[in-house]
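Notes follow the structure.
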Amino acid sequence: MDNSEDELEENEAVWKNSFVDSVPLSLAAAPGPSLSKTSPPADRVILHFDLDCFYAQVEMIRNPALREVPLGIQQKYIIVTCNYVAREQGLTKLMSVTDAKEKCPQLVLVNGEDLTHYREMSYKVTELLISYCPLVERLGFDENFMDVTEMVERRLAQTLESNTFSFKGHVYNQRSAEVKASDYLRLALGSHIAAELREAIYTKLGLTGCAGIATNKLLAKLVSGTFKPNQQTTLLPENIRDIMGHLSSLRKVPGVGHQTAKRLQALGLVTVKDLQLFPLTDLVREFGGPPAQRLKNLALGVDDSPVTPTGAPQSLSDEDSFKKMSSTKDVLEKIHQLLSSLVERMHRDGRQPQTFRLTIRRFSATNKWFSRESRQCPIPSHIGQKIAAGSSDDAVVQLLPLAMKLFHKMVDSSITFHLTLINVCFSNLQTRRAVSGGKGCITSFFRASPRKIQILSSQSQGDSSHSVDGHCTDHQFSTHGMAAQHLSLKTVTTKSPRSSEAALHGFKWKQSTVVAEEENQKASCCTTGSDPGETNDTVTHQLPANIDPKVFKLLPEEIQKELLSPAYVNCLLSTSDSQNIKDVTAAANELEPSDRVSAVNHQQPAGTSAFPVENVLEEEKLSFPQSSDCEFPGNVDPKVFSELPLDVRMELMSEWKQQKPVLKAPFSRKPVRSLITKERNALGKGSQTNSLLKYFKRS
DNA sequence: CCGGGGACGT
DNA sequence: ACGTCCC
Ligand SMILES: Nc1ccn([C@H]2C[C@H](O)[C@@H](COP(=O)(O)OP(=O)(O)OP(=O)(O)O)O2)c(=O)n1
Ligand SMILES: [Mn+2]
Ligand SMILES: [Mn+2]
């Protein structure tokens, strides 16, 4: 989007001095600044991890021969990233293929449009980090924040028994050996933890990356990239002003995007210092209170936002872009293709999506590559169940009409259109209720055991499994950057409390409670006919009332015939009043036994329960959707149906036949309208969070 | 020759 | 539903 417009700024001449790797220190001195013996220390210890040339690294693992050649990962016409061999030749991230080939004719390209492998590796990293400490927040596929404050506190005691101690890795802007780790003992311990975790990521997953150690997320992220590949850097409080002041522009501040930078520039602000010195009151005028304060804080290197465990993804999407798509048939095929892969992913996830969204991007000369349009609708529960159950083909076939209906809400297919992108997305993901215990569940992200919902009450306190926490290393090698230091990872092989399967694949994500029985949702996009005002006066002949004649005429003759065949017509005609309303059963919120100790630490916002109480679906009673006695369910738009390929239509028909009719509500035809937009936003999350960015939320 | 994802705020 | 941010 806007993201890359100013992306291509030259690397400023960073004056990043550092003392490398092992700064000796004596422990005689007093402990760190805010070391109040009692609970939450004023200063947190935050780690930020960022994998090296992530997609390229994954491809190099898959094919080691690529390690020695300049490698670019291609998505359409873009080299989205490249390995460091290629970077030595001047290649950069997000470079066009033509520019890249120009700079480096021998560049080897691997297509990276399918993110599957990157996504899987990404979650393995997050999972590994979580196994050491639950406070892990993802950012994109290759970054994780971690709050290790408590882990540090626990190590502190053990450290005091040790004689010497030092930082691991670089210390920002600090080249003298005088660095007193004793003044920043907790950050120093954080640097050891970071080194150990990087080592674990390398030995277990084969991935290298950078880490930043600082007192908040903003600073940890900013400092992590100081020395680039496969190194780590700690930012001491005394250097906060340095690192902020030397950012080349406000755009470098995470949270200041293209639009915000433009607005700031309109105020005459370009550098971080500009913003630091700008009167808050003037800033408030432009951005409003909280965002203004947030911006100023960011410029000062202040960031109180907590590390919020990310949990399982809130949406899954699949998209493709292209130069031109202009026929309904192509659109349908593309959506079919996208849906097939998305439904498979959704099934592996194990949860049940309740909302479907279709997004398009249209070509236009003026708008060049701009805005997207989208429409969404509820997913009828019987389809959601098929997705979760793994009846993927059935699910896809039944989702297709939904998607096409949404498509027609955006695109008048009787007029020429030109699309350049289609995206399909599942959201409002509901966890199916675990058996009886009603406890936490582990939904497997990975393939291995699809139906994985396990109960796990362990893990509660602290760092658990790995005794990375065990004791600090007492030797210090100055291996500058090589993650190969003999860190005290010896203990890593201690018995894992989890089953091996869980350790490998299990994912302990966020919890929630019950949403009890759900109503039969009726997609507004699925309501047939009876659209007020949209009746056809140009009727040609015996077309069912809800078929658009214009569309009908465009259909192939064979499809027209089929539509007019008695069986179909009967179905279509009987659909209009088939919209039985099923009562919305009251949602009985049942509290989670929650013996799972929330491994959340001090910065948990007051009033926020450790785990949100939502998104868990009661196992559904076998209720069958509002289908009338006709074989043609009421939620299928005839126009859409007519556009489906014959085989899809046949599949749908056979689907419908197998469904046993449900008890018809005698008092059916009701104002469905009030219900169809139901789709309440289970507005769960941030109770307030109106901040500029959730990215650096206030605490 | 501007990907393919995500999260959150309005 | 769309905008902005992140990677
Ligand atoms: N606009 C972007 C930014 C990133 N990515 C993908 C490709 C990257 O491989 C991955 C991680 O992004 P980074 O910015 O961390 O870049 P790399 O990890 O590739 O390189 P570096 O070693 O500089 O971190 O996310 C993307 O698809 N589109
Ligand atoms: Mn990154
Ligand atoms: Mn990276």
Side-chain angles (χ1 to χ4, degrees), chain A residues 1-5 7-8 48-51 53-55 72-81 93-102 111-116 118-119 122-123 137-145 217 221 225 251 253-263 287-288 290-291 294 298 305 308 310-323 338 341-342 345 355 357-361 363 367-377 406 409-410 420-427 677 679 681 683-686 688-697:
Chain A
M1 317 250 219
D2 67 272
N3 230 15
S4 51
E5 308 207 355
E7 201 82 35
L8 287 173
H48 174 257
F49 296 91
D50 188 326
L51 271 3
C53 57
F54 182 49
Y55 294 0
I73 304 302
Q74 180 175 205
Q75 290 173 334
K76 298 297 186 299
Y77 305 112
I78 295 273
I79 306 294
V80 68
T81 194
K93 292 181 277 188
L94 302 175
M95 188 177 249
S96 80
V97 169
T98 46
D99 288 356
K101 280 289 197 178
E102 204 170 303
N111 186 288
E113 290 163 19
D114 183 345
L115 304 188
T116 302
Y118 316 138
R119 183 184 294 111
S122 171
Y123 275 96
E137 178 177 342
R138 292 164 54 81
L139 184 62
F141 279 6
D142 89 321
E143 293 176 33
N144 291 278
F145 292 98
K217 288 200 289 179
K221 179 173 170 57
R251 263 289 1 229
V253 178
V256 178
H258 186 63
Q259 297 302 321
T260 304
K262 266 172 36 186
R263 293 172 67 182
F287 294 90
R294 197 88 253 288
L298 290 178
S305 68
T308 304
T310 300
Q314 298 171 14
S315 64
L316 301 191
S317 65
D318 207 334
E319 72 183 49
D320 197 7
S321 63
F322 25 79
K323 285 188 125 75
L338 293 172
S341 117
L342 185 63
R345 270 214 281 150
T355 302
R357 173 167 54 219
L358 180 73
T359 301
I360 63 171
R361 186 180 62 194
F363 178 85
N367 232 359
K368 205 67 184 196
W369 300 81
F370 217 29
S371 68
R372 288 140 126 103
E373 304 161 50
S374 70
R375 294 292 184 273
Q376 67 177 243
C377 71
L406 294 177
K409 280 187 161 213
M410 291 183 282
T420 61
L421 176 143
I422 295 180
N423 173 294
V424 293
C425 177
F426 287 142
S427 60
T677 46
E679 173 103 78
N681 288 329
L683 234 192
K685 280 238 145 143
Q688 70 297 8
T689 21
N690 53 344
S691 78
L692 176 63
L693 298 165
K694 106 100 198 179
Y695 179 44
F696 291 118
K697 287 185 298 290

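It should be emphasised that the depicted structure is a prediction, and the values quoted were computed from it without experimental measurement. So you know, we letter chains A, B, ... as the sequences are listed, proteins then strands, and number each from 1.
- Between the side chain of A:S122 and the backbone N or O of A:F141, at least one donor-acceptor pair lies under 3.5 Å.
- When only modelled atom types and interatomic distance are considered, A:T420 and A:R361 share a side-chain donor-acceptor pair under 3.5 Å.
- For the pair A:K323 NZ and B:dC1 P, the interatomic distance rounds to 8 Å; values are reported in whole Å.
- Between A:K221 and C:dC7, a side-chain N or O to OP1/OP2 separation shorter than 4.0 Å is present.
- Here the P atom of nucleotide B:dG3 and the CD1 atom of A:I78 are 5 Å apart, to the nearest Å.
- Closest to the side chain of A:S317, out of B:dG6, C:dC5, B:dC2, is B:dG6.
- Taking 4.0 angstrom as the limit, A:R372 places none of its side-chain polar atoms (N or O) nearer than this to OP1 or OP2 of B:dG4.
- For C:dC7, neither phosphate oxygen OP1 nor OP2 lies less than 4.0 angstrom from any side-chain nitrogen or oxygen of A:R138.
- Residue A:R294 has no polar side-chain atom (N or O) positioned under 4.0 Å from OP1 or OP2 of B:dG9.
- Within the structure, a side-chain polar atom (N or O) of A:T260 is placed less than 4.0 Å from OP1 or OP2 of C:dC5.
- Nucleic acid contact class of A:E113 (heavy atoms, under 4.0 Å, all strands): sugar-phosphate only.
- Listed nucleotides: B:dG5, C:dT4, C:dC7. Nearest to the side chain of A:D142: C:dC7.
- Atom CG of A:D99 is separated from atom C1' of B:dC1 by 8 Å (rounded to the nearest Å).
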Walk me through it: do A:S374 and A:R357 pass the test side chain to side chain donor-acceptor pair (under 3.5 Å)? CA-CA 7 Å; A:S374 70; A:R357 173 167 54 219; 4.9 Å; no
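- For A:E143 and B:dG5, the CD to C1' distance is 14 Å, given to the nearest whole Å.
- Nearest to the side-chain atoms of A:E373 among the listed nucleotides C:dC2, C:dC6, B:dG4 stands C:dC2.
- For A:V80, taking side-chain heavy atoms from C-beta onward, the closest of the listed nucleotides B:dG3, C:dC5, C:dC7 is B:dG3.
- For the pair A:N423 CG and B:dG5 C1', the interatomic distance rounds to 9 Å; values are reported in whole Å.
- Distance from the side chain of A:L316 is smallest to B:dG6 among C:dG3, B:dG5, B:dG6.
- Taking CG from A:L51 and OH from A:Y118, the interatomic distance works out to 13.5 Å, rounded to the nearest 0.5 Å.
- Nearest to the side-chain atoms of A:D318 among the listed nucleotides C:dC5, B:dC8, B:dG5 stands B:dG5.
- No engagement by A:R263 is indicated, since no non-hydrogen atom pair under 4.0 Å with the nucleic acid exists.
- Heavy-atom distances to DNA chain B give each of A:S315 and A:D320 a nearest nucleotide, and the one nearer the 5′ end belongs to A:D320.
- With rounding to whole Å, A:L94 atom CG is found 8 Å from B:dG3 atom C1'.
- The phosphate of B:dC1 has neither OP1 nor OP2 within less than 4.0 Å of any side-chain N or O from A:K76.
- Considering only side-chain atoms of A:S374, the nucleotide from C:dA1, B:dG3, B:dC1 that sits closest is C:dA1.
- A:Q314 has a side-chain polar atom (N or O) that falls below the 4.0 Å cut-off from OP1 or OP2 of B:dC8.
- Following rounding to the nearest Å, A:F49 (CZ) and C:dC7 (P) show an atom-to-atom distance of 17 Å.
- Backbone-only engagement by A:R375 is indicated by non-hydrogen atom pairs under 4.0 Å involving sugar-phosphate atoms exclusively.
- One atom, CZ of A:R357, and another, P of B:dC8, lie 13 Å apart when rounded to the nearest Å.
- The pair A:K76-A:E113 counts as a salt bridge, with a side-chain nitrogen and a carboxylate oxygen less than 4.0 angstrom apart.
- With C:dC2, B:dA7, B:dG4 as the candidates, the nucleotide lying closest to the side chain of A:S321 is B:dG4.
- Checking A:Y77 against A:K323 by side-chain atom types alone, a donor-acceptor pair falls below 3.5 Å.
- Nearest to the side-chain atoms of A:Q259 among the listed nucleotides C:dC7, C:dT4, B:dG5 stands C:dT4.
- With hydrogens and angles disregarded, a donor-acceptor distance shorter than 3.5 Å links the side chain of A:T310 to the backbone of A:R138.
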